[in-house]
Number of protein chains: 2
Amino acid sequence: MSDLTKLKHEFAKSSIFLVAIGDEKRQSIIIALMDQKIIRRGLQVTDLVDVTGLSRPAVSHHLKILKDVSLVDYRSEGTKNFYYLSHENKEINKLKALLDDVTEVIKCNRQL
Amino acid sequence: MSDLTKLKHEFAKSSIFLVAIGDEKRQSIIIALMDQKIIRRGLQVTDLVDVTGLSRPAVSHHLKILKDVSLVDYRSEGTKNFYYLSHENKEINKLKALLDDVTEVIKCNRQL
DNA sequence: TTTAATGGTTTAAAATAATAAACCAAGAAA
DNA sequence: TTTCTTGGTTTATTATTTTAAACCATTAAA
């Protein structure tokens with residue numbers, strides 16, 4: 001399998017992650033989760049509703065997408081769920097590696 | 001302006017770029033443009049129609065989006081337009097810097 | 001000066017995604 | 001047990017994207 005074919009696969013796999021973090025509504029959720037002044041133990045859905053101005057079903061929907069790409073994680077305490085940014089940056093690192101590969105290909109092409 | 005506020009702005013600005021490269025149809029265009037065995041002098045719209053299996057208006061539409069985020073550039077020769085990946089990686093580098101910042105914030109939060 | 005080739009644009013239709021309302025389930029508190 | 005809180009899910013609607021058809025403009029070739 002050629003390097004370009006591998007890159008193509010990596011690119012396709014990154015698609016879901018890129019779309020997930022590209023949406024501005026989801027970005028506002030990510031930003032809220034980054035703000036430790038509020039978080040500390042994680043944010044509840046209702047907190048995110050307040051901060052983002054989105055409805056509860058919308059927050060729930062977007063959180064599901066962010067959970068699916070392993071960017072967000074949560075911990076349950078009774079009926080309460082506390083959401084936080086996943087400590088593992090696997091997807092972020094994969095994307096960084098992909099961007100490096102693309103830059104490399106462009107650089108090589110330029111030298112031809 | 002706090003670091004987080006700056007990050008928020010950077011994030012929002014990256015949104016268009018993330019959505020642009022997140023789409024699988026556009027990724028297939030990017031991949032085709034990366035393949036120097038075909039390119040050399042750049043690819044024409046009709047070449048991209050063949051490679052991607054998309055219609056001409058669709059290719060034209062997606063190329064416009066990729067041009068708008070400065071990922072794709074082109075050169076005209078008569079009626080022919082030759083498309084290629086922009087040699088400047090400004091947007092890619094901006095995104096890499098953003099991802100680094102996000103990773104940094106997550107790391108800091110973890111240590112609290 | 002016709003005619004053919006290339007490709008961008010506009011518009012209407014189709015596909016997809018996002019949203020809110022209504023509902024359901026589980027745990028905590030009364 | 002009953003009631004309240006928290007929050008996930010399903011469905012129908014709305015909004016957004018994507019697409020193709022039809023059209024127009026430009027340049028090259030005949």
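Every heavy atom of this structure was used, including side-chain atoms; hydrogens, water molecules and symmetry mates were not. Note on naming: letters A, B, ... go to the chains in the order of the sequence lines (proteins, then strands), and numbering restarts at 1 for each one.
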Among dT9(C), dG7(D), dG7(C), which is the nearest nucleotide to the side chain of K80(A)?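 Within the option list, the nearest is dG7(D).
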
Could you check whether S76(B) and N81(B), counting side-chain N and O atoms only, form a donor-acceptor pair closer than 3.5 Å?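 Judged by distance alone, the side chains do pair up.
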
Nearest-nucleotide 5' precedence on DNA chain C, I65(A) against N81(B):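 Between the two, 5'-proximity favours N81(B).
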
If two hydrophobic side chains count as joined below 4.5 Å and joins carry through other members, does L66(B) share a cluster with V19(A)?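 Cluster IDs for L66(B) and V19(A) differ.
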
Is [X] near enough to [N] that one of its side-chain N or O atoms lies under 4.0 angstrom from OP1 or OP2?
X	N	answer
Y83(B)	dG8(C)	yes
T46(B)	dA5(C)	no
Q44(A)	dG7(D)	yes

Summarise protein proximity over nucleotides 19-30 of chain C in one line of letters, 5' to 3': B for base, S for sugar-phosphate only, - for none, counting protein heavy atoms closer than 4.0 Å. BBB----BBS--

In whole angstroms, how far is the [atom2] atom of [N] from the [atom1] atom of [X]?
X	N	atom1	atom2	value
K64(B)	dT18(D)	NZ	P	14 Å
F82(A)	dT5(D)	CZ	C1'	13 Å
D68(A)	dA17(C)	CG	P	13 Å

Is it true that atom CZ of F82(A) has more than 12 heavy atoms of other residues, nucleotides or ligands lying nearer than 6.0 Å?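 More than 12 heavy atoms, drawn from other residues, nucleotides or ligands, come within 6.0 Å of this atom.
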
Over 12 non-hydrogen atoms of neighbours within 6.0 angstrom of CD1 in I65(A):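 Atom CD1 in I65(A) is crowded, with more than 12 foreign heavy atoms closer than 6.0 Å.
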
If you look only at pairs with a residue in residues 91-101 of chain A, which of them pass as a salt bridge (Lys or Arg N to Asp or Glu O under 4.0 Å), with sequence neighbours excluded?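 Output for this query lists E91(A)-K94(A), K96(A)-D100(B), D100(A)-K96(B).
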
Could you check K6(A), K13(A), K8(A) and say which one makes a salt bridge (Lys or Arg N to Asp or Glu O under 4.0 Å) with E10(A)?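 The single option meeting the salt bridge (Lys or Arg N to Asp or Glu O under 4.0 Å) with E10(A) is K13(A).
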
